[in-house]
Amino acid sequence: SFSREAQIFVDKFEGALGKGKGKQFYAYKVMMTKKWMKFQRDFENFKTACIPWEMKIKEIESHFGSSVASYFIFLRWMYGVNMIHFGLTFGLVMLPEALMGKPYGSLPRKTVPRAEEATAMNFATLWDFSGLAQYSVLFYGYYDNQRTIGWLKFRMPLSYFLVGAGSIGYSFMIVIRTMAKNANDDGGGDDTSFNFSWKMFTSWDYLIGNPETADNKFASITTSFKEAIVEEQESRKEENIHLTRFLRVLANFLALCTLAGSGYLIFFVVRRSQQFALEGLENYGWWERNEVNTVMSLLGMFCPTLFDVISSLENYHPRIALRWQLGRIFALFLGNLYTFIIALMDEINLKVRHLRPFTLEEEKIVKYNMTIWEASLYNGTSPENSTAPPILVDPADVPRGPCWETMVGQEFVRLTVSDMMTTYITILIGDFLRAVFVRFFNYCWCWDLEYGFPSYSEFDISGNVLGLIFNQGMIWMGSFYAPCLPAINVFRLHTSMYLQCWAVMCCNVPQERVFKASRSNNFYMAMLLFILFLSTLPVVYTIVSIPPSFDCGPFSGKTRMFEVIGETLELDFPSWFGKVFGYASNPGLILSFVLLMV
Amino acid sequence: VYRLHGRYHEMAPNVVPMDYTKDPDVKLPMQLIINMPELKENPFKERIVESFSDDGEGSLSFNDFVDMFSVLSEMAPRELKAVYAFKIYDFNTDNFICKEDLEKTLNKLTKEELTEEEITLVCEKVIEEADMDGDGKLGFADFENMISKAPDFLRYCFKEK
């Protein structure tokens, strides 16, 4: 029998070890091979343990399926990208300015104006990112336009510009690279022969000795079977083609109506808010002031549910239904984003039109006024005669010019923070409180809460993925004007990972039809790329077309922001280099190059 | 082998002698063996022990014990593993994996979480995929043909501790 043969084999082996020197070397070789294999396995384990949150994600995958896990894997990838972005802005922009730049209070642009000083340290002001927070390294306006700072002669404006451009370029590169990598992996295909047989006979891991791991393994095997069963059922389904087609056309029509309706609503609300702004915002209460934001958030909350209901008409494979859902919500959020940008542009235009005096010639007038004011401190000395020794003026008292970049940065930061708060509160109320309510009130309620309405919630993949993507779009747009934005986002993603992992395991139930996420996340990546392109367009536009504020930021005093490069080339590089670059730096060329890259 | 003997001995110190030169006839019952930490969480522990046991009831002599660990170790050849895997999954020991065997395997793997129709669907699919000679159940040839193409089979092996 086989066991006898195996025993003889083992005996031979044992005997061979005892005799002669050649056999000793062989034994040594065998031992080294064993040690090497053990080392390789330990190293693999170590590498896996180093990947952050790997255990959490595996646990979620085994209970909820690969599609829910793919959201968390996407979140983790985003966290990595944001960490690098944060490293760049913190290390090359915020830190040098904090360590080597002129300190707070030394320049007018770095000081809280006298008028606001009383409230500068209030929590409400800080939460709104004005007051002390506004006049710090967190925002564009704080940075001085000196060419070099500190003993290292660190070129601050150049660094600011390059970090902005570099982080955008890096983001493009990494998204495209990930897409290419995923496209390669996808070549395997989902239909393999012996699918079910392999699942049945080879999925148990005989090395498991820990009961918790065993529990997870059982759950993951069950989920894997369920996924395969769904695939099989979908492929066997018979269809009544005409009815299905009609229903799908109807569903698309309804979706279009919803989108059009929401677009019109936003347009209407933005118009109203412009009217309010013209009449002065102090006359209105909280609702009117925040109308646009609230309406956008409400639309973002209710329309996806509407789309969900519509999609039940369509009867698609769950993976395809998810894609349609994602596409529609994407269109919805795009409309919201577009309107938000219009509103912001309008606000800038409004302020600029209102303060149109502050164009080039009027800048001179303001500077003249400032000199007169300074001179008036000399008790009536004529302004043209400035030979008197300068009197020390407290920077807080100097009148300021407008600083639209900081204002834009503040808007983005406020939006990110409010988005973060909304997400957390929605999770806590929508998932946690709901689960608590269903669990405890089930005993004294007329109908079965767990199976009927409202029951436990499922994890909303499409909503969360799109929220993540649009949030990232905001960050890309805003980080040029507010270097603190990547830092805030890193914090947000970190806490979000823990909060959502906990919420999923504790309050959600797996979907009824668990389906396998297609191996490539290229769908998410494609959307991300599109958003990246959309969000860098406004930034590029402002860099090449709008003059920077004359009174704040690292580019003040120049006619265009990108002139800092020309300046560096002139003064730091050999002259021929400057000529070549002069030809290449035509803004039109740069814009088309950027477009081509995409 | 000495380590294995140590483990075998510590499971029932009063029964297992330290001295094996006289080749005594000592067998340990199944209950003791399936409580070993390596086997405790395994859903197929009873089947594993039964397939290595000479008398078919699950008691292992020391020879059987060594056989079991050697087949499950990394050094064993693939064909040998396939033979024993087939024995493990063949619950009614008729040398064929029939539908009832498949159902039992599936229930052990998923801890009975699947519904009746899901179980039937899976078993039908398995037979459809792997049955080459069309007799409605898996013979050893079918099993080996399917297993040899599986990428994961060699990975899940037992390490000698």
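Convention: sequence-line order gives letters A, B, ...; per-chain numbering from 1.
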* **Top of B/L138, B/I127, B/T110, B/T105 for chain A proximity - count of heavy-atom pairs under 4.5 angstrom** => B/T110

* Check whether more than 12 heavy atoms from other residues, nucleotides or ligands sit under 6.0 Å from atom CZ of A/F432, and answer yes or no. => no

* Over 12 non-hydrogen atoms of neighbours within 6.0 angstrom of NZ in B/K108 -> no

* **Distance (rounded to the nearest 0.5 Å) between A/F225 CZ and B/L106 CG** => 5.0 Å

* How many angstroms lie between CD1 in A/I229 and CD in B/E117, if you round to the nearest 0.5 Å? -> 9.0 Å

* Check whether B/I97 gets within reach of chain A through its side chain, its backbone, both or neither, counting any heavy atom under 4.5 Å. => side chain

